[in-house]
S.K.: 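Starting off with a structure, shown below.
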Amino acid sequence: MVLVICVSFLVFSLMYMMPGDPVDMVVDRKVSLERKAEIAHELGYDQPFFTQYKNWVKGVIHGDFGRSTRYKSDVWDLMGARIPYSLKLCGWSLVIELLIALPLGLLCAMKKDGFFDRFTVNFSLLMTAVPAFWLGALFILLFAVKLGWLPISGYSGIKNYILPVATTVLSGMGGTLRITKTEVLEVFNEKYVTTAYAKGLPKRTVMIKHVLRNALVLVTTLVFMSIPWLISGAVVIEKIFGLPGMGNLLLNSIIVQDMPVVQAVLLLIAILTVICNLISDIVMGILDPRIRVSLSGGDN
Amino acid sequence: MSNKFKETVHECWKNKNFMIGFVILLSVILVAIFADFIAPYDYAQQNVGDRFEKPSGDFWFGTDELGRDMFSRVVYGSRIALWVAFLGGSLQLVIGVAVGLACGFFGKWVDRVLSFMTDLTWCIPGTILALAVVTLIGKGLTNTVIAISLVAWASYARTVRAKTLSLKNMAFVETGKAFGESNFSLMVRYILPNIIPSLIVMVSLNLPGTIMSTTTLSFLGLGSQPPSPDWGLAISKGIENISRAPWLSIFPGLALVYTTFGFNLLGEGLRDLLDPHMKSQ
């Protein structure tokens, strides 16, 4: 909670310190100085910093993020129209990434140093060196330009999402796969796994009942931790493929210095990040009693 | 001494990751230094008659929408990538080490305030925060690098803080204190040298990320501005013309992947050589 307040303050002061008069963004250059001062007064730009901040926070709590200086419409409506696109992109990417990366990571951990493991690890190492925007360009080139199977950009149907999702998944998969592998390997070293083997349980039972169950803890954390990264990745992906999502909105608003929109989007992302971290902590505590103990013993 | 040196060289030689990464980076550095001799044309020289030329003997990587030679632009782009790596790496290092040392050494409220700031930068995803900072200080390559460093120093600060905490109560630091060394000298002359190996590893593992983030911001139009031969900028222009001239996005991307992959390998190699316990992670 304290973090949210601080972030909101940070976001607001960041935009407050921005060079240039905010009134200039609203009106033409021709408008007289008196008229400018009037508008500034109407929009509350002439008040001291803390009053402005207070008014902004008051509005945000009531669901009012102010009005966009560029689109002349409510920021909330503006975001509401864009959120579905980003949600679709991030949601599908997350599901598909986990469906591919988790089994592969598990497999790599089980057959450590085997051919498959080495191939996958090297491949994911290579993928971390490939920037998402270049990967997207290559996909467009291959599937849209050369083969003509999929559209280059736009947002009319499900076909438009195949390339963006594929790009997001591939560029994020390497990291997820590596974490899965290391975590599963760590579970292998736990004493209860040794105990389970010592009891004479068959390998399959140990795998499913002991290793997989504990690896589940990891899955939940991964899901929640990767959401903020997906959102920031979405800025790039939406720009390449021309999807009109939140990322595109943020980028365009930054370029034209549309303060209220930038503030709102940044705040939303920050709150989402804090919430995701919180949920992952709670879920981990529920699934793994040892963490619960160490947390309640700590200063949290 | 010479025996130990030989041993070190032999160990480096055996480490495949390190050697391959080293060779890749060496080639990039050489290209950047001798760009004037390698590039057949000036990177900004426009020639409207030769727009969108396919790769050929005259133009190895083709020409772009203003008829500029792509090969020359990619060659000069290496200078930007290395400059970004150098500037970003040193900025992050300086901020991170200073904050981490202060946190670990002084503890108490200094630690609490600075650690809170570190947590705060972790709160918003890096790219987004960097976007916000760029809005504040303005577009441009140097500003982008500063923005990214302001976001990325936190991981250094955490490591340095943890190491300082564990070193602070060691006997040799206590001895220094007993000899009346000042706090600054204790931090810089006693504690810092013991952290340097892990710092080298961290820098080399973080550099590809720095280059990548900067190129990403350039790609988004906030970093290098035209006519700079930045690779990210080139790819962004390439995507605009992708159906007409695919080579414009392929070659700068290849150069970027080659460089970051080299840094990655070097980092992995250095980690195995300098910091053996991190290997198990």
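The sequence lines fix the lettering, A, B, ..., with proteins before strands; numbering per chain opens at 1.
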S.K.: Just to verify, what does B:Phe106 make a side chain to side chain contact (heavy atoms under 4.5 Å, CB included) with, not counting sequence neighbours?
M.R.: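 Once residues adjacent in sequence are excluded, the partners of B:Phe106 under the side chain to side chain contact (heavy atoms under 4.5 Å, CB included) criterion are B:Ala102, B:Val110, B:Asn183, B:Met187.
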
S.K.: Is chain A contacted by the side chain of B:Ile235, its backbone, both, or neither, given a heavy-atom distance below 4.5 Å?
M.R.: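 Answer is side chain: those atoms of B:Ile235 sit under 4.5 Å from chain A.
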
S.K.: Does any backbone or side-chain atom of A:Leu138 lie under 4.5 Å from a heavy atom of chain B? Answer side chain, backbone, both or neither.
M.R.: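 Just its side chain gets close to chain B.
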
S.K.: Taking every non-hydrogen pair under 4.5 Å, which of B:Ile250, B:Thr259, B:Leu265, B:Leu256 racks up the most with chain A?
M.R.: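 Counting heavy-atom pairs under 4.5 Å, the top option is B:Ile250.
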
S.K.: Assess, by modelled atom type and distance only, whether the side chains of B:Tyr76 and B:Ser228 contain a donor and an acceptor separated by less than 3.5 Å.
M.R.: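 Not at all, the side chains of B:Tyr76 and B:Ser228 share no donor-acceptor pair under 3.5 Å.
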
S.K.: What part of A:Leu185 is in contact with chain B, defined as an atom under 4.5 angstrom from a non-hydrogen atom: side chain, backbone, both or neither?
M.R.: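 For A:Leu185, there is no contact with chain B at all, as no heavy atom is under 4.5 Å.
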
S.K.: Can you find a heavy atom in the side chain of B:Leu150 that is under 4.5 Å from one in the side chain of B:Ile95?
M.R.: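 They are in contact (side-chain heavy atoms under 4.5 Å apart), so the answer is yes.
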
S.K.: Roughly how far, to the nearest 0.5 Å, is OG of A:Ser86 from CG of A:Leu250?
M.R.: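 Separation between the atoms: 10.0 Å.
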
S.K.: For the candidates B:Asn264, B:Leu220, B:Thr260, B:Ile239, which exhibits the highest count of non-hydrogen atom pairs separated by less than 4.5 Å from chain A?
M.R.: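 The candidate making the most pairs under 4.5 Å is B:Leu220.
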
S.K.: Chain A heavy atoms under 4.5 Å from B:Leu254: which part of the residue, side chain, backbone, both or neither?
M.R.: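 It is both, since atoms from each part get that close.
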
S.K.: Establish, from distance only, whether the side-chain atoms of A:Glu97 and A:Thr168 form a donor-acceptor pair under 3.5 Å.
M.R.: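 Distance-only check fails for A:Glu97 and A:Thr168.
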
